Engineer: 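The structure follows.
Since this is a predicted model, take the numbers as computed values, not measurements. Start at 1 and go down the list; that is how both ligands and their atoms are numbered.
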Amino acid sequence: MSEPFTSETFTRDTAAGDAFTLADLEAIIAARAGADAGASYTRSLLDKGVAKCAQKLGEEAVESVIAAVSGSREELVSETSDLLYHLMVVLRARGVALSEIQAELARRTGQSGLAEKASRPQS
Ligand SMILES: N=c1c2ncn([C@@H]3O[C@H](COP(=O)(O)OP(=O)(O)OP(=O)(O)O)[C@@H](O)[C@H]3O)c2ncn1[C@@H]1O[C@H](COP(=O)(O)O)[C@@H](O)[C@H]1O
């Protein structure tokens with residue numbers, strides 16, 4: 001039987017400078033994927049399949065855009081937190097690890113975005 005989920009399990013001591021990370025969120029989502037659907041939003045969303053997870057990601061992206069353009073700072077923080085959570089759920093649904101995104105981002109650090117854009121074939 002798996003360990004019961006408690007928020008304390010993943011709570012960081014932010015006062016001590018121990019920042020909560022996307023890797024923490026990835027671990028929480030992995031743990032909740034095995035939870036009872038009635039007790040976990042994560043599990044209930046994953047049960048609906050990748051298309052539903054992606055739809056939620058799209059909705060949160062739009063809400064983040066609206067918050068960025070016309071919302072308060074607090075609304076932008078809240079909406080982008082929803083966005084990152086739903087992005088991590090989609091990655092889980094597709095079996096993509098955060099480390100793969102980190103590796104791709106690291107690979108890109110050797111070149112500026114403008115240089116990469118200029119190197120693309122002309123259409
Ligand atoms: N970070 C989040 C997080 N951010 C947003 N949400 C949920 O995402 C949902 C989507 O927001 P909406 O306003 O669109 O809600 P809704 O219209 O009711 O959603 P739908 O019915 O359309 O799916 C809300 O229910 C939010 O609570 C999250 N749910 C979970 N987490 C993390 O996952 C952990 C485990 O959660 P459970 O899986 O529920 O135990 C939590 O402790 C958090 O760390």
Engineer: Numbering the atoms of ligand 1 from 1, which are under 4.0 Å from a heavy atom of Ser40?
Structural biologist: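 Result: 37 (P), 38 (O), 39 (O), 40 (O).
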Engineer: Would you say the side chain of Arg43 lies within less than 4.5 Å of the side chain of Asp36, judging by non-hydrogen atoms?
Structural biologist: no
Engineer: In the structure I gave you, are the side-chain heavy atoms of Glu60 and Glu79 within less than 4.5 Å of one another anywhere?
Structural biologist: yes
Engineer: How does Tyr85 reach ligand 1, if at all, at less than 4.0 Å between non-hydrogen atoms: by side chain, backbone, both, or neither?
Structural biologist: side chain
Engineer: Within ligand 1, which atoms have a heavy atom of Asp82 less than 4.0 Å away?
Structural biologist: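 Answer, ordered by atom number: 4 (N), 5 (C).
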Engineer: Report, in ascending order of atom number, the atoms of ligand 1 lying under 4.0 Å from any heavy atom of His86.
Structural biologist: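 Within the 4.0 Å cut-off of His86, ligand 1 contributes 8 (O), 10 (C).
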Engineer: Side chain, backbone, both or neither: which part of Thr42 has a heavy atom under 4.0 Å from ligand 1?
Structural biologist: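 Looking at Thr42 and ligand 1, atoms from backbone and side chain both fall under 4.0 Å.
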Engineer: Would you mind running through ligand 1 and noting each atom that sits below 4.0 Å from a heavy atom of Arg32?
Structural biologist: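 Going through ligand 1 atom by atom, the ones under 4.0 Å from Arg32 are 35 (C), 37 (P), 38 (O), 40 (O).
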Engineer: Under a 3.5 Å cutoff, is there a donor and acceptor pairing between the side chains of Asp47 and Ser44?
Structural biologist: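 Checked: Asp47/Ser44 side chains show no N/O donor-acceptor pair below 3.5 Å.
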Engineer: Closest by any non-hydrogen atom to atom 14 (O) of ligand 1: pick that one out of Lys48, Glu63, Lys52, Lys56.
Structural biologist: Lys56
Engineer: Are any of the N/O atoms on Tyr41, whether in the backbone or the side chain, positioned under 3.5 angstrom from an N/O atom of ligand 1?
Structural biologist: yes
Engineer: Just so I know, are the side chains of Met88 and Leu98 near enough to count as touching, which here means a heavy-atom distance under 4.5 Å?
Structural biologist: yes
Engineer: In terms of the angle between their ring planes, are Tyr41 and His86 parallel, tilted or perpendicular, with boundaries placed at 30° and 60°?
Structural biologist: perpendicular
Engineer: Hydrophobic clustering (ILVMFWY, side-chain heavy atoms < 4.5 Å, transitive) - are Leu84 and Leu76 grouped together?
Structural biologist: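 No, Leu76 does not connect to Leu84 through the hydrophobic network.
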